[in-house]
Amino acid sequence: MKVKIIEKTHELDLEDALNEFLEKENPNIQELKYQVALTSHNGELEYSFSCMIVYLPEISP
């Protein structure tokens, strides 16, 4: 079992990174957790979009 954590500052970048990981690794996903964090820095809002994937690596024939 493996864990992959992907974090981006924009939700569409996270979506692209997730799709790239899924296409490349073809994992057997056991669990997927999505999270959004919001902070304020010098009066500006900053977002962090992240996803944790718990998976079994693809088994080669």
Side-chain angles (χ1 to χ4, degrees):
M1 192 166 296
K2 289 189 168 191
V3 173
K4 175 74 173 178
I5 297 173
I6 302 172
E7 185 272 333
K8 298 291 180 181
T9 57
H10 193 277
E11 66 271 18
L12 294 178
D13 292 336
L14 177 61
E15 183 178 314
D16 289 343
L18 286 169
N19 283 327
E20 183 179 312
F21 172 75
L22 294 174
E23 288 174 13
K24 181 182 174 188
E25 297 296 324
N26 193 26
N28 180 347
I29 296 174
Q30 304 298 299
E31 187 174 354
L32 191 136
K33 301 273 187 178
Y34 173 76
Q35 180 174 320
V36 179
L38 176 65
T39 59
S40 177
H41 182 69
N42 293 330
E44 293 199 25
L45 296 177
E46 295 181 359
Y47 291 87
S48 173
F49 300 88
S50 60
C51 185
M52 179 182 77
I53 305 166
V54 178
Y55 67 101
L56 298 172
E58 180 182 37
I59 300 173
S60 301

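By convention here, the first residue in the shown sequence is residue 1. Just so you know, these numbers use all the heavy atoms, side chains as well, and skip hydrogens, waters and symmetry mates.
Atom SG of Cys51 is separated from atom CD of Gln35 by 10.5 Å, given to the nearest 0.5 angstrom. One finds the OH atom of Tyr34 at 13.0 Å from the CD1 atom of Ile53 (value rounded to the nearest 0.5 Å). Between the CD atom in Glu25 and the CD atom in Glu20 there is a gap of 10.0 Å [rounded to 0.5 Å]. Here the CG-NZ distance, from Asn19 to Lys24, works out to 14.5 Å after rounding to the nearest 0.5 Å. Here CD1 of Ile6 is found 11.5 Å from CG of Asp13. Values are rounded to the nearest 0.5 Å.
For the pair Ile5 and Met52, the tightest heavy-atom approach, listed with the atom from each and the gap, is CG1-CG, 3.9 Å.
Residues Val3 and Leu56 share a single hydrophobic cluster, defined by chaining ILVMFWY side chains whose heavy atoms lie under 4.5 Å apart. The cluster map of Ile, Leu, Val, Met, Phe, Trp and Tyr, joined by side-chain heavy atoms under 4.5 Å apart, puts Val54 and Leu22 in different clusters. Leu18 and Leu12 fall into different hydrophobic clusters, where Ile, Leu, Val, Met, Phe, Trp and Tyr side chains are chained together by heavy-atom contacts under 4.5 Å. Clustering ILVMFWY residues whenever any of their side-chain heavy atoms sit less than 4.5 angstrom apart, transitively, puts Ile29 in a cluster other than the one holding Met1.
Between the Gln30 side chain and the Asn28 main chain, a donor and an acceptor come within less than 3.5 Å of each other.
The environment of OH in Tyr47 is sparse: at most 12 heavy-atom neighbours from other residues, nucleotides or ligands sit within 6.0 Å.
Ring orientation note: the planes of His10 and Phe49 are tilted relative to one another, at an angle of 30° to 60°.
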